[in-house]
Amino acid sequence: AQSVTQLDSQVPVFEEAPVELRCNYSSSVSVYLFWYVQYPNQGLQLLLKYLSGSTLVKGINGFEAEFNKSQTSFHLRKPSVHISDTAEYFCAVSDGGTGGFKTIFGAGTRLFVKA
Amino acid sequence: GAVVSQHPSWVICKSGTSVKIECRSLDFQATTMFWYRQFPKQSLMLMATSNEGSKATYEQGVEKDKFLINHASLTLSTLTVTSAHPEDSSFYICSARDWGTAASGAYNEQFFGPGTRLTVL
């Protein structure tokens, strides 16, 4: 069975500061990893994904994440945040087909950017 | 990019009535769609996997007789909440998997709908 742990429920940060949102996963099979952003009362928008290849993945809006297999982590980073980055961020893992391509989401991290 | 729509975007109903939510893939065919529910300030919980032309697969703890799923075509899946009660009030989100772009690397990507806010009075 797969699981996703987002270590921080809330992350307050000042505008233009760097931020890291932490995500750890567990799985007995190869997985695909994702980060999504959700703005209030909206659906999910894909920020970035890791399927294979380079462990450093770049996404939209200046975000990037690094897949670390030995530490089973997929932390999301941005070097300089904006007020508009305030949102809920979800880390997710998909089984790649062995379990029907189901995607399991972490509990979410609320990023709050302060002026 | 691929677009998934949901209708309605929000609905208010009386306790005991049934509500149908539609999920459509607008520019691609989706053999598999997923239904999630999200309570306020919580994560998405997978309710069921909907496969075109076959019965849905429900996650443990989800009442299949209460949450009826129909996936009659490659672009439409519906979720019907039967005999809704206030505890069913939630944000329901669907997603669809685009199998048609395997070569581009989007093989395992899901596209999410904008969600439907259900409030049962």
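Residue numbers begin at 1 in each chain, while the letters A, B, ... track the order of the sequences.
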Which atom names give the shortest non-hydrogen contact between A/Phe105 and B/Ser43, and what distance separates them?
CB-OG, 3.4 Å

Side chain, backbone, both or neither: which part of A/Gln6 has a non-hydrogen atom closer than 4.5 Å to chain B?
neither

Between A/Phe90 and B/Gln42, what is the shortest heavy-atom contact and its length?
CZ-O, 4.0 Å

Contact listing (chain A partner; residues 7-22 of chain B; heavy atom under 4.5 Å):
none

Grouping I, L, V, M, F, W and Y whenever their side-chain heavy atoms are under 4.5 Å apart, do A/Leu46 and A/Leu56 come out in a common cluster?
no

From B/Phe91 CZ over to A/Gln42 CD, what is the distance, rounded to the nearest 0.5 angstrom?
8.0 Å

ILVMFWY network linking B/Leu68 to B/Phe34, side-chain heavy atoms under 4.5 angstrom
no

Hey, any chance B/Trp35 and B/Phe112 share a hydrophobic cluster, counting ILVMFWY side chains that come within less than 4.5 Å of each other, even indirectly?
no

4.5 Å side-chain heavy-atom contact, B/Ile93 and A/Gln38:
yes

If you group Ile, Leu, Val, Met, Phe, Trp and Tyr by side-chain heavy-atom gaps below 4.5 Å, do A/Leu21 and A/Phe74 land in one group?
yes

Counting only heavy atoms closer than 4.5 Å, note whether A/Leu44 contacts chain B via side chain, backbone, both or neither.
both

Most heavy-atom pairs under 4.5 Å with chain A, out of B/Lys41, B/Glu59, B/Gln6, belong to B/Glu59

Top contributor to chain A contacts, counting heavy-atom pairs under 4.5 Å, from B/Met45, B/Arg117, B/Gln38
B/Gln38

Does A/Thr103 reach the side chain of B/Leu44, with side-chain heavy atoms less than 4.5 Å apart?
no

With a 4.5 Å cut-off on heavy-atom pairs, point out which of B/Gly113, B/Pro114, B/Gly115 contacts chain A the most.
B/Pro114

Side-chain heavy atoms nearer than 4.5 Å, only ILVMFWY residues, links allowed to pass through others: does that put B/Ile69 and B/Leu46 together?
no

Does a sphere of radius 6.0 Å around NZ in A/Lys114 hold more than 12 heavy atoms from other residues, nucleotides or ligands, not counting ones at 6.0 Å or beyond?
yes

